[in-house]
Colleague: 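Okay, handing you the structure first.
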Amino acid sequence: MLNATPLARARPITGLASLWRSTIGKKYVMAITGLIWFGYLIVHLWGNLNVYAGPVFLNTYGDWLRIVGEPFLGYSQFLWLARIILIPAFVVHVWAAVQLTSRDRASRPRRYDMRKNLESTFASRTMIFGGIFILLFLIYHLLDFTFGTVNPSYQPSDIYHNVVASFQRWPVVVFYELAMIAVGLHLFHGIWSTFQTLGWNTARITHGVRNVATVCAVLLTLGNMSIPLAVLSGIVG
Ligand code: HEM
């Protein structure tokens, strides 16, 4: 009689699967997917700052996003390529975060080392709550500017109009400002964690790289925060 135990039937876990199962592997995945979004946010802000140059500039940037790569790529294909990278990166980032948090909770000591435990989990706890807030923001943001369902007067080919229409309402501006602060804090902690994960926290040269990344996160936050305020105050509009 065959007596196959679950252990005998289980396939050996190798390569990417074992990396994904390990804590360090998940941290690597979080670092890489976080960097992808960091890069996207820099490009996104660069494009959004066209709002200060007026409707023609911002709308031309929006059109350019759709025709870039022609004639090798068709209309909107570049945008879809970016989405094909960004969407899975986002999902995997959240997935790894949830698994790392539950693993961290499960291994948390009850009585001993309370101080160290409190310090180490404060950052990760704010990261997870900040992350949930950013997720809610992103859903609203897509409904606002991509699908137009929550925008007061959405016009598919007029990004400038949509941005101005949305940020003329102060509750929306407050929500965006809080979300931009959450994104900034998330990036700031994410950058430090990434350097820790990749083992780049020792060599002297990396201080420069880390400082550049931190300055980018601060500029990104301030740049993003300025746009809703500029519309609400009438500087843009
Ligand atoms: C005040 C700051 C921001 C402004 C004014 C802004 C503006 C916009 C606009 C106008 C669009 C539509 C672009 C188009 O249809 O061509 C858009 C799309 C998008 N934004 Fe933002 N954005 C801001 C911050 C952010 C942040 C912080 C994130 C991420 C956390 C983000 C993620 C996205 C994504 C994923 C899209 C969809 C891109 C696509 O169509 O695939 N945005 N944003």
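Whatever order the structure lists them in is the order used to number ligands and atoms, beginning at 1. As the structure is a computational prediction, the values presented were derived from the model and not from experiment.
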Colleague: Just checking, any donor-acceptor pair under 3.5 angstrom between side chains of N224 and N48?
Modeller: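 The criterion, which ignores hydrogens and geometry beyond distance, is not satisfied for N48 and N224.
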Colleague: Considering only the protein, which heavy-atom contact is closest to atom 37 (C) of ligand 1, and what is its distance?
Modeller: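 Closest protein heavy atom to atom 37 (C) of ligand 1: L142 CD2, 3.5 Å.
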Colleague: Please evaluate residues Y160 and F57 with respect to the criterion ring pair (Phe, Tyr, Trp, His ring centres under 6.0 Å), reporting the C-alpha separation (whole Å), side-chain torsions for both, the decisive distance (0.1 Å), and the verdict.
Modeller: CA-CA 9 Å; Y160 186 89; F57 277 82; over 10 Å; no
Colleague: Numbering the atoms of ligand 1 from 1, which are under 4.0 Å from a heavy atom of M180?
Modeller: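 Here the atoms of ligand 1 in question are 27 (C).
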Colleague: Return the minimal non-hydrogen interatomic distance between R83 and P88, and the atom names on each side.
Modeller: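 Heavy-atom minimum between the residues: O-CD, 3.8 Å.
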Colleague: Considering F167, Y176, W80 one by one, which has a heavy atom nearer to atom 5 (C) of ligand 1 than any of the others?
Modeller: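 Minimum heavy-atom distance to atom 5 (C) of ligand 1 goes to F167.
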Colleague: Given that the side chain starts at C-beta and the backbone is N, CA, C, O, which of these parts of A179 lies under 4.0 Å from ligand 1, counting heavy atoms, or is it both or neither?
Modeller: neither
Colleague: Could you check atom 41 (O) of ligand 1 against the protein and tell me its nearest heavy-atom contact, residue, atom and distance included?
Modeller: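 Here the closest protein heavy atom is R83 NE, 2.6 Å.
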Colleague: Under 4.0 Å from ligand 1, counting heavy atoms only, is it the side chain of H44, its backbone, both or neither?
Modeller: side chain
Colleague: Side chain, backbone, both or neither: which applies to N162 and ligand 1 if a contact is any heavy-atom pair less than 4.0 Å apart?
Modeller: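 Near ligand 1, N162 shows nothing, with every heavy atom at 4.0 Å or more.
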Colleague: Name the residue from F175, F147, F133 that meets the ring-ring contact (aromatic ring centres under 6.0 Å, His included) definition with Y140.
Modeller: F175
Colleague: Do you know the tightest heavy-atom contact between T194 and A31?
Modeller: CG2-CB, 3.7 Å
Colleague: How far is atom 4 (C) of ligand 1 from its nearest protein heavy atom, and which residue and atom is that?
Modeller: N48 ND2, 3.3 Å
Colleague: Go through ligand 1 atom by atom and flag the ones less than 4.0 Å from a non-hydrogen atom of V163.
Modeller: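 The list of qualifying atoms is 10 (C).
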Colleague: Tell me, which N, O or S atom in H141 is closest to atom 21 (Fe) of ligand 1?
Modeller: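 It is NE2 of H141.
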Colleague: Is ligand 1 under 4.0 Å from a heavy atom in the side chain of T146, in the backbone, in both, or in neither?
Modeller: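 Near ligand 1, T146 shows its side chain, while the N, CA, C and O stay back.
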Colleague: Write down the atom of Q168, the atom of L232, and the distance for their closest heavy-atom approach.
Modeller: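 The answer is O-CD1, 3.8 Å.
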Colleague: Just to confirm my output: which protein heavy-atom neighbour is closest to atom 36 (C) of ligand 1, and how far is it?
Modeller: Y40 OH, 3.4 Å
Colleague: Output yes when a side-chain donor or acceptor of N151 lies under 3.5 Å from a complementary backbone atom of F145, and no otherwise.
Modeller: no
Colleague: With a 4.0 Å heavy-atom cut-off (strictly under), which part of L138 contacts ligand 1: side chain, backbone, both or neither?
Modeller: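 The answer is the side chain of L138.
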Colleague: Identify the closest protein heavy atom to atom 15 (O) of ligand 1: which residue and atom is it, and at what distance?
Modeller: R66 NH2, 3.0 Å
Colleague: Any idea which atoms of ligand 1 are less than 4.0 Å away from a heavy-atom of P228?
Modeller: 1 (C)
Colleague: Nearest to atom 10 (C) of ligand 1, what protein heavy atom do you find, and at what distance?
Modeller: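 Looking at atom 10 (C) of ligand 1, the protein heavy atom closest to it is I159 CG2, 3.2 Å.
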Colleague: Identify the two heavy atoms, one from M127 and one from G190, that lie closest to each other, and give their separation to 0.1 Å.
Modeller: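 Looking at all heavy atoms of both residues, the shortest contact is CE-N, 3.9 Å.
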Colleague: Which heavy atom in S226 sits nearest to a heavy atom in Y52, and how many Å separate them?
Modeller: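 Closest approach of S226 to Y52: OG-OH, 2.7 Å.
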Colleague: With rounding to the nearest 0.5 angstrom, report the CG to NE2 distance, L220 to H44.
Modeller: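 Interatomic distance, L220 CG to H44 NE2, rounded to 0.5 Å: 9.5 Å.
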Colleague: Could you walk me through whether W20 and K26 satisfy the side-chain contact (heavy atoms from CB on, under 4.5 Å) test, starting with their C-alpha distance in whole Å, then the side-chain angles of each, then the deciding distance to 0.1 Å, before giving a yes or no?
Modeller: CA-CA 5 Å; W20 170 251; K26 285 191 207 301; 3.7 Å; yes
Colleague: May I ask you to identify, for L41, whether its side chain, its backbone, both or neither come under 4.0 Å of ligand 1 on a heavy-atom basis?
Modeller: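 Just the side chain.
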Colleague: Where is the nearest protein heavy atom to atom 1 (C) of ligand 1: which residue, which atom, and how far?
Modeller: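 Ranked first by proximity to atom 1 (C) of ligand 1 is N224 O, 3.2 Å.
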Colleague: Looking only at side-chain N and O atoms, does S166 offer a donor or acceptor that is under 3.5 Å from a partner on Y176?
Modeller: no
Colleague: What residue and heavy atom of the protein are closest to atom 11 (C) of ligand 1, and at what distance?
Modeller: F145 CB, 3.7 Å
Colleague: Against ligand 1, does M225 come closer than 4.0 Å with any heavy atom?
Modeller: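 No, M225 has no heavy atoms under 4.0 Å from ligand 1.
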